[in-house]
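Letters A, B, ... mirror the listed sequences (proteins, then strands); counts begin at 1.
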Protein chains: 2
Amino acid sequence: MKASSPPLAFPSLAEIEPGRRSRKKNKTRVDLMTAGVKLFATRGFDETTTTEIAELADVSQRTLFRHFPTKESLLYGDMEELRLNLREGLAARPNDEPILTSVREALIPPEEEFREQREHRLLQAQLAARYPSVSAYSRAVVQASWEREIIAAVSKRLGVDPMVDPRPEIIAGASISAIRIATRQWTASSGTANYIELLSDALGMIGSIGELDS
Amino acid sequence: MKASSPPLAFPSLAEIEPGRRSRKKNKTRVDLMTAGVKLFATRGFDETTTTEIAELADVSQRTLFRHFPTKESLLYGDMEELRLNLREGLAARPNDEPILTSVREALIPPEEEFREQREHRLLQAQLAARYPSVSAYSRAVVQASWEREIIAAVSKRLGVDPMVDPRPEIIAGASISAIRIATRQWTASSGTANYIELLSDALGMIGSIGELDS
DNA sequence: TACTTTACGTCAGTCGCTGACATTAGTCAA
DNA sequence: TTGACTAATGTCAGCGACTGACGTAAAGTA
């Protein structure tokens with residue numbers, strides 16, 4: 001604990017039930033993520049072994065894999081909570097709001113939340129740009145889970161079966177693509193650009209691509 | 001060789017230069033893919049080891065990894081050619097055609113080509129539905145490479161920089177999502193549904209999602 | 001206090017994948 | 001035909017992510 005610069009408060013997806021046992025378990029989880037992030041940032045992803053991460057967190061490698069299913073999930077361990085936030089954000093949107101507006105608003109993080117996670121998000125994006133396995137995990141696990149949330153929400157709102165009507169999946173795919181390009185633009189600027197503005201702009205263009213049919 | 005039912009003509013991405021050496025090399029490549037497909041189909045993906053595939057193809061495991069970078073690429077080894085087909089298809093579209101039409105037409109395979117590859121595509125989709133590592137490869141490697149082709153073609157047509165204008169990436173993401181949902185619908189029907197019709201319908205809806213803003 | 005539960009350590013093993021080096025076989029020129 | 005040269009393969013040894021089995025100690029509970 002007591003990370004150097006930012007507190008790096010990794011939220012634990014599992015409820016932190018009362019009791020010393022649960023607190024200790026959560027501590028090792030946070031320690032592992034902190035150790036992983038530190039080594040990934042300094043040495044690189046492929047250049048870091050899970051054994052080294054476990055040693056820095058002062059646990060055995062076996063314990064690391066009891067907390068995280070893959071090496072990549074150490075870097076994206078906080079994404080489960082973000083997914084639930086997205087689910088709630090989508091559900092909280094009024095039913096009479098245009099669907100693309102609902103999706104856009106639910107995908108734009110609150111300024112404060114973004115500021116807290118800024119550094120971590122930048123590291124994730126930078127590592128994803130450099131290491132194929134990280135990029136694959138981001139796409140196939142993280143982004144795919146967001147897609148499923150969007151598909152569920154949109155199909156519910158439209159009152160259609162997502163296995164029959166392709167539109168929920170298309171909207172989800174377009175939305176995730178907007179996130180990807182905004183993140184890439186932001187990463188290319190080394191985090192100096194205004195991410196929320198980039199993301200908002202990209203998401204705002206989804207509704208207008210039909211107008212390209214000149 | 002001499003596959004049971006269909007010839008299963010795996011196209012080799014590398015040019016088949018004249019000479020016995022190149023022909024033999026291509027033969028081992030085809031043998032490896034055939035062996036992999038057979039074992040994947042009967043035993044399952046995770047349940048098949050690369051050593052078993054190599055033995056069935058009568059080569060060493062080391063040779064397998066000289067021809068294919070990953071186990072998954074044995075299943076998607078013919079995708080490089082398909083990507084080049086997509087590139088050419090996109091480039092062949094007239095400049096004055098609406099961009100979404102160009103993308104749609106380039107993504108819909110000719111009936112004959114589809115018929116030849118039908119079984120193989122079905123196997124790929126079924127394995128991707130069952131095995132996370134296959135799904136991850138499909139998304140992160142195959143589909144991502146298609147996306148890049150679409151982004152390049154669309155940004156060129158629109159005369160914009162894809163790092164500045166988010167629309168090419170959004171169109172690409174929506175298009176790949178259309179492929180995914182059409183493939184899922186087709187797979188859910190065990191290949192009995194009309195894939196080309198499903199795909200055409202899904203792609204056709206991209207231009208109209210902006211109209212959902214009631 | 002005694003009993004149960006749970007997080008962790010240890011150990012051994014599988015499997016995807018790679019570097020190094022030897023060997024065979026195709027190629028090509030003399 | 002012969003003798004290099006080279007490209008494809010085999011062999012071997014090893015790394016690293018990940019897992020099952022089993023034991024242990026600490027935390028929770030009656």
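- Annotation: proximity of residues 130-145 of chain B to DNA chain C (heavy atom, distance under 4.0 Å) is found for no residue.
- Of the N and O atoms on the side chains of Gln143(B) and Arg139(B), not one donor lies less than 3.5 Å from an acceptor on the other residue.
- Between the side chains of Tyr131(B) and Glu47(B), at least one donor N or O lies within less than 3.5 Å of an accepting N or O.
- No side-chain donor-acceptor contact under 3.5 Å links Gln126(A) to the backbone of Thr187(A).
- Donor-acceptor pairing under 3.5 Å, judged by distance alone, is absent between the side chain of Arg23(B) and the base of dG26(C).
- Side-chain N or O atoms of Lys71(A) include one that pairs as donor or acceptor with a backbone N or O of Phe45(A) at under 3.5 Å.
- Rounded to an integer number of Å, the gap from Arg29(B) CZ to dT9(D) C1' is 17 Å.
- Using a cut-off of 4.0 Å between Lys/Arg side-chain N and Asp/Glu carboxylate O, Glu113(B) and Arg121(B) are scored as not salt-bridged.
- Summarising the geometry, the separation between CZ on Phe65(A) and P on dA17(D) is reported as 6 Å, rounded to the nearest angstrom.
- Here Arg20(B) lies in heavy-atom contact (under 4.0 Å) with sugar-phosphate atoms only.
- Direction of the helix axis in the helix from dT1(C)-dA30(D) to dA30(C)-dT1(D) shifts by 10° between the two five-pair termini, rounded to 10°.
- In this structure, the side chain of Ser73(B) engages the main chain of Thr70(B) through a donor-acceptor pair within 3.5 Å.
- Looking at which nucleotide of DNA chain C each of Arg21(B) and Pro69(B) is closest to, the 5′-most match is held by Pro69(B).
- Ion pairing between Glu112(B) and Arg115(B) fails under the 4.0 Å rule for side-chain N and carboxylate O.
- Between the P atom of dA7(C) and the CG atom of Asp31(A) lies a distance of 16 Å, rounded to the nearest Å.
- Not a single donor-acceptor pair under 3.5 Å links the side chain of Thr63(B) to the backbone N or O of Val59(B).
- When atom types are taken as modelled, the side chain of Glu149(B) and the backbone of Leu86(B) share no donor-acceptor pair closer than 3.5 angstrom.
- With hydrogens and angles left out, the side-chain atoms of Ser135(B) and Ser138(B) include no donor and acceptor closer than 3.5 Å.
- To the nearest angstrom, P of dG9(C) lies 11 Å from NZ of Lys24(A).
- Within the 4.5 Å cutoff, the side chain of Glu169(B) has heavy atoms near those of the Arg184(A) side chain.
- One can place CZ of Arg66(A) at 12 Å from C1' of dC11(C), the figure rounded to the nearest angstrom.
- Between the C1' atom of dA17(D) and the NZ atom of Lys71(A) lies a distance of 8 Å, rounded to the nearest Å.
- Applying the 4.0 Å criterion to OP1 and OP2 of dA7(C), one finds that His67(A) has every side-chain N and O outside that range.
- With rounding to whole Å, Leu64(B) atom CG is found 11 Å from dT18(C) atom P.
- Contacts with DNA chain C (heavy atom under 4.0 Å) in residues 40-62 of chain A: Val59(A), Ser60(A), Arg62(A), listed by number.
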